[in-house]
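Notes follow the structure.
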Amino acid sequence: MKEARAVFEPVDPKVSFPALERELVEFWKQDQTFEESLRIREGAPRFVFYEGPPTANGKPGTHHILPRAFKDVFGRYWTMKGRFVERKAGWDTHGLPVELEVEKELKISGKQQIEEYGVAEFNERCKESVHRYVRQWREMSERMAFWQDYDNAYWTYHSDYIQSVWWALKQMWDQGLVYLGFRVAPYCPRCMTPLSSHELAQGYKDDTPDPSVYVRFRLKSDPKTSLLAWTTTPWTLPGNVALAVGADIGYLKVRQGQENVIVAEARADALEGEYEVVERMRGQDLAGLDYEPLYPYSVPSEGRAQYVVDADFVSTEEGTGIVHTSALYGADDLRLCQEKGIPFRHTVDLRGRFIPEVEKFAGLFVKDADPLIVEDLRERRLLYKEAVVRHTYPFCWRCDTALIYYALNSWYVRTTDRKEKLVSQNAATNWVPPYMGTGRMGDWLANNVDWAISRSRYWGTPLPFWVCESCEESRCVESAEEIGLPRDADLHRPHIDQVTLPCAKCGGTMRRIPEVLDCWFDSGAMPFAQRGYPQHGKQLFEETFPADFIAEAVDQTRGWFYSLLAESVILFGRNAYKNVICTGHVLDERGQKASKSRGNVLDPNYVFDHFGSDAIRWIFFTAPVGESYRVGPQALQEVVRRFMLPLWNVYSFFVTYARIDGFDPAGRAAVPVGQRPVLDRWLLSRLSGLVRTADVALERYDVNGASRPLEAFVEDLSTWYVRRSRRRFWKSESDADKTAAYQTLHEVLVTVARLLAPFVPFLAEAMYRNLTGERSVHLADFPTAEVGAHDPGLETQMAAARRAVEAGLAARDAAHLKVRQPLNAAVLPGDPLPEEIAGIVRDELNVKQLKFGGAGVSLDTNITEELRLEGLSRDIVRAIQQLRKDSGFNIEDRIQTWYDADGQVARAFASQADYIKAETLSVELNRGRAEGVSGKSVKIDGEEVWLGLKQVT
RNA sequence: GGGCCGCUAGCUCAACUGGCAGAGCGCCGUGCUGAUAACGCGGAGGUAGGUGGUUCGAGUCCACCGCGGCCCA
């Protein structure tokens with residue numbers, strides 16, 4: 001309009017957020033906005049963030065967006081607060097998951113086939129696989145606007161990184177924390193490898209049938225009397241070396257026919273048939289009794305075995321209260337035997353078959369031997385009774401073989417030695433939500449066991465332990481140089497296995513142990529290993545340890561959250577992170593966990609292409625942190641419709657009118673807030689409170705505490721401020737009121753864009769760049785609250801006004817008086833409102849006079865002729881506006897208007913002509929039908945009225 | 001078997017320290033509208049998973065039980 005120069009680009013109200021986002025991804029890349037956001041904060045105090053490296057063994061899913069969104073929001077927030085936030089990307093590249101992916105690719109399975117294929121070649125394939133997946137991860141991360149330095153990522157397989165890890169192991173070695181232990185682990189006899197707890201968790205099956213057998217162990221001193229023991233693994237019976245009882249548990253000796261049987265009193269219902277109690281005793285009375293071995297295979301010639309011992313793990317929850325103990329096939333069993341000095345030896349080999357010395361069952365696979373053993377005991381009248389139990393039992397998640405518990409050698413870090421410190425350092429860490437730290441993590445640490453760090457695999461950091469062939473002297477190496485290799489040498493198997501070292505003690509040959517390192521140790525080393533510390537980056541490491549903030553999903557409790565904590569406590573005496581957000585799981589729309597095997601993983605590209613990254617981020621930020629999230633097309637659609645579009649439309653509304661009026665935020669001095677109309681003062685007061693609320697919440701890592709008030713504010717902005725202010729922008733005259741409206745809405749939108757920038761970086765960027773003409777919202781400062789604008793009294797009054805409106809509209813509805821019909825007066829309950837606010841209520845209710853203080857709402861329903869005509873004039877305006885719109889006229893177009901009407905409607909046209917002309921931008925209002933003007937008949941108050949509009953050029 | 005979390009309208013979820021049970025979506029009715037894929041008002045829809053307890057008062061605190069999710073065994 002007029003000669004005004006529009007300073008804003010037009011805004012498409014039919015925006016496609018996915019398209020908008022793609023443009024901005026490209027813009028940021030070209031503009032190097034992220035790099036700039038770091039550059040402008042160089043030298044400022046750091047906010048230290050650590051990237052928990054994703055394992056690059058598969059395509060990223062929508063559930064991976066969740067923790068990455070939380071990581072991103074704080075990087076952006078603290079950058080806007082003036083801190084330097086380095087964001088070094090990282091990739092977890094080693095480990096069984098990567099190997100399995102490659103095994104699938106190569107269509108091979110198991111260690112034997114890998115070795116036939118060739119370890120060198122196999123590891124090359126692993127590396128290639130990782131790079132392939134990292135490309136997809138990077139693409140997803142950039143599309144979701146997770147700003148990180150991807151070009152300088154750390155990779156756990158790099159030689160520098162491996163040597164940092166070696167250094168860490170050497171530190172632990174020197175502290176005497178590394179040892180070779182003989183422990184019971186879940187073991188797959190087909191794959192011939194122990195499994196990690198992580199793998200174990202994937203393979204439990206409910207309702208697995210197993211034999212449940214009760215076995216007599218005859219006392220040496222009295223062969224008529226047996227101790228009754230229960231087991232679900234008969235194959236461990238040839239390995240029996242002891243029976244365990246609880247010292248304080250009460251036991252019964254009962255007579256059944258010619259035989260006596262001893263069981264826990266609390267388990268007497270395990271007895272079959274009639275019995276007579278002969279004697280009562282306690283576990284401690286039984287301890288030390290010798291019994292007849294079932295089989296002669298399990299005990300070496302020396303040492304005392306096969307007698308009753310007391311143990312703290314015996315319970316009377318199930319079984320007989322007398323626990324059959326086979327040293328090598330149960331964790332409690334082995335610990336007990338080691339404590340009591342009971343000798344033992346294996347009866348089963350690494351393939352899960354009985355060794356030749358177990359003559360009766362030699363060569364049989366243990367599970368196949370179960371029924372034979374039961375039968376053997378039955379024939380020898382040692383079987384008391386037999387049944388089948390259904391319980392939860394672990395299987396190999398790869399090959400589905402039933403796992404067995406099996407004792408073998410593994411390397412350990414004695415974390416239990418630092419348990420107190422682990423617990424206290426964890427307690428000093430700020431967990432969001434808090435129960436993750438005290439509950440899940442705290443309980444886990446309280447039951448800390450030594451960390452099994454060795455894996456009998458191929459693609460991993462090789463354990464730098466060399467052992468002498470002759471004298472068993474061992475040594476830990478901490479760098480490539482130390483073993484005569486260049487720093488950048490490939491340190492992986494099989495190359496490293498070629499390196500032999502002379503034994504300093506006996507001059508013999510030292511060879512590396514074959515195992516590689518648990519890959520969780522790799523990622524836990526990232527605070528220093530990402531710098532190549534201590535050979536490189538010493539100062540950088542010291543400046544960036546510990547992290548202010550990390551975020552991952554809940555499954556990292558025993559994963560990265562623990563490995564970071566354990567390694568940092570051992571090496572540096574404190575935790576590696578001060579604040580941690582633990583996000584929940586992403587569920588599908590039916591509430592099921594998203595997983596590859598269920599096939600319900602939401603493809604991130606589907607989400608990005610249909611709804612956009614901002615939409616999914618906003619869902620994650622507003623849903624309860626730490627809980628499970630249900631995400632699907634409906635939820636995404638809703639967040640777009642409920643939050644993003646209303647905000648976008650406020651923005652589009654502003655730009656539409658600002659362009660028409662040529663409003664330039666820099667063009668005129670700001671109207672002082674105190675002089676602006678009450679709606680503006682109210683909105684600015686709300687904004688001021690919002691800024692403070694969001695800022696305080698984010699400082700406390702309370703994402704919901706910021707996002708939910710933001711959402712509520714946008715709703716108020718859209719459904720109250722803009723709704724009540726439309727006429728201020730629409731009216732023709734440019735006065736102080738209109739200027740105030742423009743200035744207020746502009747300021748609010750710019751501030752909201754800055755507040756939203758960390759959360760929905762695309763939407764905020766699009767708004768901010770157009771509204772300010774500046775380069776990027778992500779280079780701006782986070783808003784600070786305008787203390788002067790805060791007016792709690794006004795907010796209270798406005799809330800009262802809105803309640804009054806609500807009551808008034810309800811009363812009108814009940815009286816069937818439509819809102820377009822003005823009324824003379826209304827009485828509302830409550831205290832009188834100041835005139836300025838009462839005016840808003842009058843407008844909204846369309847009444848001439850308002851009184852407060854009534855008991856309820858009462859309306860003056862007497863409609864005078866004058867009120868009648870006024871009401872009709874609003875119907876007329878409404879009809880003309882609709883016709884203007886249907887005719888495709890622009891909002892600011894002037895028109896000539898013709899009408900053909902009779903009676904009341906005609907009188908309304910005449911008496912309210914000025915009002916109608918002003919509202920509809922009609923320069924003329926003519927009665928009768930015009931030649932050559934296309935028109936339309938409409939119904940107004942039941943009467944046919946012909947309207948014709950013509951644009952004035 | 002143990003631990004953590006959840007269970008509030010048909011669906012998704014709120015409600016500072018105990019104080020009259022709410023919103024959004026969906027449904028029905030109605031109104032408003034030259035920003036909106038909208039919005040307003042009204043309506044239907046609730047024994048707050050169950051049972052006890054503490055309290056003047058419990059969705060909220062305690063105990064036990066049930067169901068679901070996750071983690072661990």
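So that the names make sense, note that chain A is the first sequence line, chain B the second, and so on, each numbered from 1. Remember, predicted model here, so these are calculated numbers, not experimental data.
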Counterpart residues, side chain to side chain donor-acceptor pair (under 3.5 Å), relative to [X] (two or more places apart):
X	result
T693(A)	none
S707(A)	none
Y406(A)	none
R183(A)	Y179(A)

Residue of the set V650(A), D716(A), T744(A) for which side-chain contact (heavy atoms from CB on, under 4.5 Å) holds with Y721(A)
T744(A)
Where do N or O atoms of nucleotides 15-22 of chain B meet protein N or O atoms at under 3.5 Å, pair by pair?
none

Indicate, with a heavy-atom threshold strictly under 4.0 Å, whether [X] touches base, sugar-phosphate, or nothing.
X	value
F889(A)	base
R724(A)	nothing
T719(A)	sugar-phosphate
E638(A)	sugar-phosphate
P433(A)	nothing
R812(A)	nothing

If you find the nucleotide of RNA chain B closest to A623(A) and the one closest to I891(A), which residue's nucleotide is nearer the 5' end?
A623(A)
Salt bridge (Lys or Arg N to Asp or Glu O under 4.0 Å) partners for R812(A), two or more places apart
none
Taking N or O atoms only and anything under 3.5 Å, show me the protein contacts with nucleotides 41-46 of chain B, one pair per line.
unit_1	atom_1	unit_2	atom_2	d
C41(B)	O2'	A810(A)	N	3.4

Only Watson-Crick and G-U wobble pairs with both distances less than 3.5 Å should count. Give RNA chain B in dot-bracket notation, marking inter-strand partners with |.
(((((((..((((.....[..)))).(((((.......))))).....(((((..]....)))))))))))).
Partners meeting side-chain contact (heavy atoms from CB on, under 4.5 Å) with P13(A) (sequence neighbours left out)
N649(A), S652(A)
Just the atom pairs and distances: protein N or O near nucleotides 36-38 of chain B's N or O, under 3.5 Å.
unit_1	atom_1	unit_2	atom_2	d
U36(B)	O4'	N649(A)	ND2	3.4
U36(B)	O2'	N649(A)	ND2	3.1
A38(B)	OP1	R641(A)	NE	3.3

N/O donor-acceptor pair, side chain R884(A) with base G34(B), under 3.5 angstrom:
yes
To the nearest Å, give me how far apart [atom1] ([X]) and [atom2] ([N]) are.
X	N	atom1	atom2	result
N447(A)	G2(B)	CG	P	14 Å
H63(A)	G69(B)	NE2	P	18 Å
Y651(A)	A35(B)	OH	C1'	14 Å

Output all residues satisfying ring pair (Phe, Tyr, Trp, His ring centres under 6.0 Å) with F713(A), sequence neighbours left out; order by chain, then residue number.
none
What pairs of nitrogen or oxygen atoms, one from the protein and one from nucleotides 61-63 of chain B, lie under 3.5 Å apart?
none

If you compare every side-chain N and O of R820(A) against the phosphate oxygens of U33(B) (OP1, OP2), does one of them come in below 4.0 Å?
yes
Ignoring backbone atoms, test whether R727(A) places a side-chain nitrogen or oxygen under 4.0 Å from the OP1 or OP2 oxygen of U33(B).
no
Is it the case that atom CD in Q951(A) sees more than 12 heavy atoms from other parts of the structure closer than 6.0 Å?
yes
Nearest-angstrom distance, C1' atom, A48(B) to C72(B):
31 Å
Between E711(A) and R642(A), is a salt bridge (charged side-chain N to carboxylate O under 4.0 Å, His left out) present by the stated rule, with each step listed?
CA-CA 9 Å; E711(A) 194 166 275; R642(A) 194 190 68 234; 3.0 Å; yes
